[in-house]
Amino acid sequence: MAWGLGLITLLWAILYLPNLRTSPPWYGDEILTLDIGKALSRGELVNRAVYCTFNSPTYNYQPGFAWCVGWFSRLTQGDILGGRLLSTLVGWATAAAGFWFFSRKFGIAIGLFYSFLLLGYAQAVIHYRWIYPHNVVGLSLVAAAGFLLRPADFRKDWKVGGCLAVGAAAHLLAAHATLVSGLCRLLRPKSWIPIGLPPLMVFGGTFALLSLKFPGWVTEDFRALLEQYARYNEENGSGAKLLVNIVNFFAQDPFHLLAAGGCLLVLTRRTYPLGILSLGMVVLLTRNRQNLPLFYYQAMAVLPLLAAASAVGYGRGWNYLIRRFLPMRKYRRGLRWLLPGGALLVALLQIPSVFGGRLPVRITPWVVSSSSDYEVAARWLNQNTKPQDLVITYWNLGWLLQAKTADVLTAAAWAGYPAGDYFPVPPQHSRFRYPADLKQAKFFAITELDERWAFGQGQVMTFLQAAGVQTWPLIFQAGPIKVLANPAWRPE
């Protein structure tokens with residue numbers, strides 16, 4: 001077991017640590033968690049210019065993981081590297097936990113097969129580097145699966161619930177994880193409370209504490225979040241759309257095609273929890289996501305289970321063939337390593353893109369094109385602003401600034417304009433910790449993410465035209481980033 005864990009750790013270090021700070025390119029959602037986490041580590045529940053309830057359409061990830069990200073970022077003086085290091089450690093823990101559980105039940109070869117499949121998949125290399133709480137839900141599920149694969153008893157059921165509680169501290173998707181875990185014990189009602197109560201206590205406790213801090217706001221935001229996801233379910237997963245989404249998800253690449261077969265192979269008396277957990281999570285995730293193969297980060301909650309289903313399903317099938325066919329029996333000790341060896345070779349194929357800093361992200365239009373351009377722009381802005389000044393800019397740049405910041409969506413919401421799904425209804429000014437007033441901003445730094453996405457949300461363009469931004473002079477440019485100066489700005 002020890003040598004296997006050492007091999008897993010070595011592979012993880014090779015694939016997940018080189019060029020960690022800038023590869024894959026910075027993505028807006030991970031920087032939201034970084035910024036909010038840094039504020040949490042200072043004892044502030046804020047999302048830059050607005051107070052953060054952790055249950056709103058703007059940001060609905062739970063505070064546990066964000067708090068850990070904030071403290072890890074302190075190891076690197078608030079830099080993104082610290083948060084990304086934590087995320088990669090979650091990836092290592094997911095591989096190691098599954099290896100421990102599956103090796104004890106099915107043998108070390110299958111345990112290694114699982115870990116190599118998981119760590120070597122290209123989307124895992126990318127998404128375990130990005131800062132996402134969905135990864136923690138995946139970790140909690142694979143650990144819960146390890147206990148669900150064993151004969152049910154009172155202690156094991158509480159351990160399942162404890163694993164799910166870890167996911168509940170990170171993301172609301174742990175509610176899905178709890179539901180599918182309960183399905184694995186559907187015919188054993190006395191398991192339901194031990195499995196469901198720990199995550200429910202985490203959800204309820206977090207909600208109650210946040211409600212004490214923000215009376216009325218948390219329930220208001222949660223209702224808006226439920227309405228948003230009800231709309232997503234209707235738009236993306238109603239009727240035959242759900243079946244199409246599931247087919248498209250499993251057809252996206254060879255890894256998922258193999259996983260589809262693995263999910264069917266594990267629907268046996270001994271391994272059915274892996275099939276129920278995997279297929280159940282896929283159904284629940286694709287109900288409101290047609291574009292899950294593109295924006296894959298939500299699928300990180302189920303990815304470890306898919307790797308587990310493949311490893312256990314094909315691994316046990318391969319062992320069965322070795323035992324059944326006489327010519328293969330005499331080579332069984334060597335043949336059992338064929339599948340983990342193949343998975344390791346496939347994983348090592350990722351090395352050129354890892355060391356070259358060219359990880360193949362699918363969402364290129366939504367990530368920064370050059371981190372060095374953003375750092376150049378940030379240096380100029382920091383040299384020309386004071387901490388009390390306001391800069392309107394997308395958070396992919398804002399996290400590098402020392403001045404107050406607000407993105408253009410928040411600025412539009414402050415001015416009373418709907419701003420897409422983030423601010424479908426402009427919030428009251430009492431929910432802002434400082435004015436996100438474009439008229440009071442010293443600079444408006446337009447990034448490629450503004451032009452490609454933010455400007456098209458809600459009535460943002462109407463807001464910008466009414467504010468007369470088109471007349472603001474261009475004062476500095478770094479690559480795609482254009483810094484406009486507010487001609488009406490006066491120092492306070």
Side-chain angles (χ1 to χ4, degrees), residues 62 93-94 97-107 110-111 114 134 136-207 242 246 259-287 301-317 319-320:
Q62 296 301 282
T94 307
F99 169 72
W100 187 81
F101 281 114
F102 303 139
S103 293
R104 292 185 68 188
K105 188 166 182 67
F106 305 111
I110 287 180
Y114 156 78
H134 308 70
V136 180
V137 179
L139 168 60
S140 71
L141 263 171
V142 85
F147 292 111
L148 288 167
L149 284 167
R150 300 177 182 179
D153 64 37
F154 186 73
R155 292 182 60 189
K156 292 189 188 74
D157 290 339
W158 279 108
K159 289 177 180 178
V160 172
C163 294
L164 297 172
V166 173
H171 199 288
L172 293 172
L173 278 178
H176 288 350
T178 304
L179 175 61
V180 294
S181 297
L183 287 176
C184 295
R185 295 285 187 261
L186 184 62
L187 301 181
R188 193 174 188 270
K190 60 183 177 181
S191 296
W192 299 348
I193 290 178
I195 289 174
L197 186 58
L200 182 62
M201 289 176 64
V202 173
F203 283 138
T206 302
F207 197 91
L242 176 59
I246 294 171
C263 289
L264 298 178
L265 287 173
V266 294
L267 290 175
T268 69
R269 184 174 181 180
R270 191 180 176 197
T271 58
Y272 70 89
L274 287 176
I276 292 176
L277 292 172
S278 301
L279 294 173
M281 285 296 293
V282 169
V283 169
L284 291 171
L285 288 171
T286 52
R287 281 184 67 219
V302 73
L303 175 64
L305 294 173
L306 298 177
S310 293
V312 173
Y314 294 114
R316 292 182 73 220
N319 290 340
Y320 175 80

Inset, instruction - Locate the shortest heavy-atom distance separating Ala259 from Ser310; write the atom from each residue and the value. - result: CA-OG, 3.2 Å

Legend entry - Minimum heavy-atom distance between Pro194 and Ser191, given as atom pair plus value: CD-O, 3.2 Å

Inset, instruction - For the residue pair His176 and Val137, establish whether any side-chain heavy-atom pair is separated by less than 4.5 Å. - result: no

Legend entry - For Asp157 against Ala152, the heavy-atom pair lying closest together: OD1-CB, 4.5 Å

Legend entry - Close side-chain approach of Leu264 and Leu267, heavy atoms under 4.5 Å: yes

Legend entry - Parallel, tilted or perpendicular: ring planes of His171 versus His134, cut at 30 and 60 degrees: tilted

Inset, instruction - Find the distance between CG (Leu164) and CG (Leu197) and round it off to the nearest 0.5 Å. - result: 11.5 Å

Inset, instruction - Count the heavy atoms of every other residue, nucleotide or ligand shown that sit under 6.0 Å from CD1 of Ile193, and state whether that count exceeds 12. - result: no

Legend entry - Distance, nearest 0.5 Å, that separates CZ of Arg150 from CZ of Arg155: 10.5 Å

Inset, instruction - Can you label the angle between the Trp158 ring and the Phe154 ring as parallel, tilted or perpendicular, going by 30° and 60°? - result: perpendicular

Legend entry - Residue pair Leu277 / Leu141, side-chain heavy-atom distance below 4.5 Å: yes

Legend entry - Heavy-atom side-chain proximity of Ile110 to Asn319 below 4.5 angstrom: yes

Inset, instruction - Taking all heavy atoms of Val282 and all of Val302, pick out the closest pair and write down the distance. - result: CG2-CG2, 4.1 Å

Legend entry - CG on Leu148 to CD1 on Ile276, rounded to 0.5 Å: 9.5 Å

Inset, instruction - Supply the atom-to-atom distance Leu200 CG to Ile195 CD1, rounded to the nearest 0.5 angstrom. - result: 13.5 Å

Legend entry - Sidechain-backbone polar pair: Lys159 side chain, Phe147 backbone, donor-acceptor under 3.5 Å: no

Legend entry - Heavy-atom side-chain contact between Phe101 and Val142 under 4.5 Å: no

Inset, instruction - Look only at the side chain of Arg185 and the backbone of Lys190, and say whether a donor-acceptor pair between them is shorter than 3.5 Å. - result: no

Legend entry - Under 3.5 Å: donor-acceptor pair, side chain of Ser103, backbone of Trp100: no

Inset, instruction - Find the distance between OH (Tyr320) and CG (Leu265) and round it off to the nearest 0.5 Å. - result: 13.0 Å

Inset, instruction - Search all heavy atoms of Ala174 against all heavy atoms of Gly167 and return the closest pair with its distance. - result: CB-C, 3.5 Å

Inset, instruction - Any chance you could measure Arg270, atom CZ, to Lys105, atom NZ, to the nearest 0.5 Å? - result: 5.0 Å

Legend entry - Side-chain touch Thr268/Arg316, heavy atoms, less than 4.5 angstrom: yes

Inset, instruction - Compare every heavy atom of Ala168 with every heavy atom of Pro199, then report the nearest pair and how far apart it is. - result: O-CB, 3.9 Å

Legend entry - Contact check, side chains of Thr94 and Tyr114, non-hydrogen atoms, under 4.5 Å: yes

Legend entry - Side chain to side chain, Leu173 and Leu285, heavy atoms closer than 4.5 Å: yes

